[in-house]
Number of protein chains: 2
Amino acid sequence: MTKFNFSKRVPADGTDAVGVILKAAADPKIISFAGGLPAPELFPVKAMKEAVDQVFAERGQEVMQYGAAKGVTALRELVLQRVKEKENVTGQLDNVLMTTGSEQALDLVGKAFVNPGDTVLVEQPTYLCALDVFKSYGANFVGVEMDEAGMKMDALEEALKAHPEAKLVYTVPNFQNPTGRTMALKRREKLAELAAKYDVYVLEDNPYGEIRFKGQHVPAVKSFDKTGHVFYMGTFSKTLAPGFRLGWVVADEAVVNKLTVLKQSADLHTDNLAQYAVVEFLKHNDLDAHVKQISDLYGQRKALMTEGLEKYFPQGVKYTDPEGGMFLWVEVPGVEDTVELFKQCLEHNVAFVPGDPFYAGEPQPGAFRLNYSNAQEDQIKAGMKQLGEALQDEGEN
Amino acid sequence: MTKFNFSKRVPADGTDAVGVILKAAADPKIISFAGGLPAPELFPVKAMKEAVDQVFAERGQEVMQYGAAKGVTALRELVLQRVKEKENVTGQLDNVLMTTGSEQALDLVGKAFVNPGDTVLVEQPTYLCALDVFKSYGANFVGVEMDEAGMKMDALEEALKAHPEAKLVYTVPNFQNPTGRTMALKRREKLAELAAKYDVYVLEDNPYGEIRFKGQHVPAVKSFDKTGHVFYMGTFSKTLAPGFRLGWVVADEAVVNKLTVLKQSADLHTDNLAQYAVVEFLKHNDLDAHVKQISDLYGQRKALMTEGLEKYFPQGVKYTDPEGGMFLWVEVPGVEDTVELFKQCLEHNVAFVPGDPFYAGEPQPGAFRLNYSNAQEDQIKAGMKQLGEALQDEGEN
């Protein structure tokens with residue numbers, strides 16, 4: 001058998017801990033809070049089918065031909081309109097690039113900015129796929145402490161002083177993956193200010209912002225950006241259809257142009273059919289009403305989950321209480337090995353994602369992520385009971 | 001204005017020569033042979049619409065939900081079946097990864113194998129986007145001489161001896177972009193043999209292989225691979241719809257697994273709607289018959305183009321006579337500056353892509369690429385006359 005000589009960017013065998021966990025959690029007898037999927041029962045299948053019919057009727061040849069690297073102009077205009085309305089983020093057409101899901105936006109920004117050895121500052125904990133992407137470009141990570149109001153700006157400024165070479169700050173400000181926390185308004189203003197002061201870029205990743213079921217919306221960090229240091233990312237994956245792989249970046253034109261060059265090398269352009277389908281969908285449907293349905297459902301599921309936490313979990317367990325999004329974060333005191341805890345919970349037929357892979361630095365033992373968007377109500381009730389029992393057992397060992 | 005500190009992977013400003021050329025060629029009064037688009041009038045719009053209807057009727061929720069990183073299983077099976085039938089390339093499901101166009105396959109292989117400073121051997125000239133991708137990962141290029149039967153194997157072996165550190169050989173064996181040349185059967189066998197002997201990988205990029213309008217099909221280099229050194233790439237962009245961005249890699253399972261890890265970081269997975277649409281299309285339609293239509297049309301257009309070359313071009317001009325694909329290659333003797341020649345031809349309202357950017361090393365002056373798939377018959381006739389006049393003028397200067 002040939003032994004392949006992979007590049008330094010390729011992770012070693014046996015490092016895909018999350019893959020192993022998701023595989024274990026896929027057993028049909030397991031109630032899984034491990035994944036990160038939207039509720040498929042709310043996908044607007046009929047309306048999207050009508051949108052696709054319209055696309056084929058009006059521009060069948062165009063949709064099957066090669067398209068523009070920056071994306072379909074009509075969709076970029078709709079995206080601009082929406083980020084202005086929702087996030088107070090303003091821009092012209094040259095400030096927006098459509099990407100193949102927001103995962104590609106992460107990848108392009110990583111490729112465009114992170115030289116091997118460059119320092120990237122991340123929330124502690126943070127979105128694990130972002131760690132994978134930046135790692136593949138040779139990033140060194142510095143974790144920045146969070147509290148209930150998101151990344152702490154005093155901790156960030158300390159880190160920026162200690163790491164004057166820092167290149168990029170990565171943040172998920174709304175209903176963060178994995179913690180469900182939201183960054184406070186004043187911190188957003190401060191973050192934009194620190195970015196300019198220390199000449200460091202901020203990658204603001206906002207997949208969940210519109211899925212708010214409680215409290216007041218907080219405008220994007222990008223809305224406070226006066227110097228072009230903030231790059232804003234969004235997606236239709238949580239509001240419409242992740243299977244269509246449609247995300248975007250809003251940034252300074254010089255940045256968008258370079259990301260476009262790399263986008264051409266990455267996949268030439270994003271699928272035309274998905275882009276035009278969403279243009280038609282948005283013309284004929286009320287996305288706000290649809291997003292409200294999603295938010296209402298997720299709010300109910302979150303409430304059921306925290307009820308279960310209160311009812312079944314041992315004393316002393318801490319958890320976040322998000323106002324939107326898809327995840328909450330649990331911290332069980334006294335646990336030494338979270339993966340071991342995961343295995344015990346699997347024996348009780350319930351699964352989550354252990355916290356460890358979300359940490360750039362030393363993980364906090366006993367922390368894990370729960371997803372509430374993709375479980376039915378009866379599964380949440382039963383699953384939280386089973387999880388509570390597993391944790392009680394753990395306490396007794 | 002902020003001056004952005006991009007990574008070393010990002011090309012400098014003003015290096016997108018081809019972008020400038022395509023922009024100039026887009027002027028409606030110009031007859032352009034510069035692009036590389038399929039003939040849109042042959043896209044099977046009606047049949048594809050029916051396929052998409054079927055997808056929404058049968059699996060609306062599934063198609064809108066997140067999908068698998070390796071791609072839709074049914075599509076991977078159909079791809080395996082087709083590469084076995086057409087190319088004598090055999091494999092199991094674990095040997096195939098769906099990619100977001102074959103451009104992404106290039107990108108993933110580049111990322112997975114090319115460390116900064118690694119040597120990549122390429123045909124001289126070669127597909128310019130492949131140069132861009134490998135360059136972005138820090139490749140050093142060594143050009144390998146071609147003749148009418150493709151990359152010369154004696155030249156390749158010399159280069160492999162001179163560069164024992166070489167990591168990858170990149171080839172487009174069928175109707176190569178830009179030259180239209182096809183690699184002879186014996187050279188393919190030899191290439192697989194040299195790859196094993198010198199422990200170097202071969203990336204075989206075959207977007208055009210099925211579009212043959214003359215001569216006998218030659219099986220893939222991969223069909224001679226006994227050691228896993230050859231990675232085979234294909235795409236539906238030339239046979240069905242480039243706008244859907246569907247390509248694939250067939251390789252050793254260990255390679256496919258690592259490419260999949262990088263694919264997850266790149267865009268999680270390829271658009272589900274496009275993948276399922278093609279599955280349905282292939283169930284209910286005869287792709288071979290459709291490909292024959294395409295090949296027949298391109299054959300007619302190629303014939304018109306070479307007739308024009310014979311009739312209008314100055315004595316001494318050489319050109320290739322491809323048996324398939326979308327491009328032919330012209331060499332005009334005595335030209336010093338091909339970009340200057342391009343500008344003169346623009347004044348005669350006709351455009352091509354100058355050969356320079358297709359060369360990893362020293363370009364051959366006076367060489368350029370002509371595309372015949374995307375021009376109507378009357379455009380080809382008029383355009384070749386104009387081009388001939390421009391070249392006659394050039395000869396007189």
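In the text below, chain A, chain B and the rest are named by the order of the sequence lines, each starting its count at 1. Values below: all heavy atoms of this structure, side chains included; hydrogens, waters and symmetry mates excluded.
Checked for salt-bridge contact, B:Arg245 and A:Asp267 miss the test: no charged N lies under 4.0 Å from a carboxylate O.
Neither the backbone nor the side chain of B:Asp118 comes within contact range of chain A; no heavy atom of the residue lies under 4.5 Å from a heavy atom of that chain. Within the 4.5 angstrom heavy-atom criterion, only backbone atoms of B:Ala12 (N, CA, C, O) approach chain A. Of the atoms belonging to B:Thr270, it is backbone heavy atoms, and not side-chain ones, that fall under 4.5 Å from chain A. The part of B:Val261 that comes within reach of chain A is its side chain, from C-beta onward, which places non-hydrogen atoms under 4.5 angstrom from that chain.
Atom CG of A:Asp199 and atom CG of B:Asn5 lie 7.5 Å apart (nearest 0.5 Å). Here the straight-line distance linking atom CG of B:Asn257 with atom CG of A:Asp13 works out to 8.5 Å at 0.5 Å rounding. Between A:Ser7 atom OG and B:Leu262 atom CG the span is 7.0 Å, to the nearest 0.5 Å. Taking OG from A:Ser237 and CG from B:Leu268, the interatomic distance works out to 7.5 Å, rounded to the nearest 0.5 Å. Between the CE atom of B:Met64 and the CG atom of A:Leu240 there is a distance of 6.0 Å, given to the nearest 0.5 Å.
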Worksheet item: How far apart are the C-alpha atoms of B:Phe244 and A:Asn272, what are their side-chain angles, what is the distance that settles it, and do they pass the side-chain contact (heavy atoms from CB on, under 4.5 Å) test?
Response: CA-CA 6 Å; B:Phe244 283 21; A:Asn272 281 339; 5.9 Å; no

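B:Arg9 places no side-chain N or O within 3.5 Å of a backbone atom of A:Phe113 that could act as its donor or acceptor partner.
Comparing B:Gln65, B:Met48, B:Lys258, B:Glu62 by heavy-atom pairs within less than 4.5 Å of chain A, the highest count is held by B:Gln65. Counting heavy-atom pairs closer than 4.5 Å to chain A, the top residue among B:Leu42, B:Leu108, B:Thr100 is B:Thr100. Per-residue heavy-atom pair counts under 4.5 Å with chain B were compared for A:Gln104, A:Lys8, A:Gln61, A:Glu41, and the maximum is reached by A:Gln61. Listed options B:Leu259, B:Leu106, B:Val255, B:Asp132 were ranked by heavy-atom pairs under 4.5 angstrom with chain A; first place goes to B:Val255. When the candidates A:Gly36, A:Pro116, A:Gly60, A:Pro40 are compared by the number of heavy-atom contacts under 4.5 Å with chain B, A:Pro40 comes out ahead.
When every heavy atom of A:Ser265 is checked against every heavy atom of B:Val133, the shortest pair comes out as O-CG2, 3.5 Å.
For the pair A:Lys46 and B:Phe56, the NZ or CZ position fails the cation-pi test of under 6.0 Å to the six-membered ring centre and within 45 degrees of the ring normal. Geometrically, A:Lys111 does not engage B:Phe6 in a cation-pi contact defined by less than 6.0 Å to the ring centre and at most 45° from the axis.
Exactly one residue among B:Asp53, B:Val52, B:Val55, B:Val63 makes a side chain to side chain contact (heavy atoms under 4.5 Å, CB included) with A:Lys49. That residue is B:Asp53.
The aromatic rings of A:Tyr201 and B:Phe4 are tilted relative to each other, their planes meeting at an angle between 30° and 60°.
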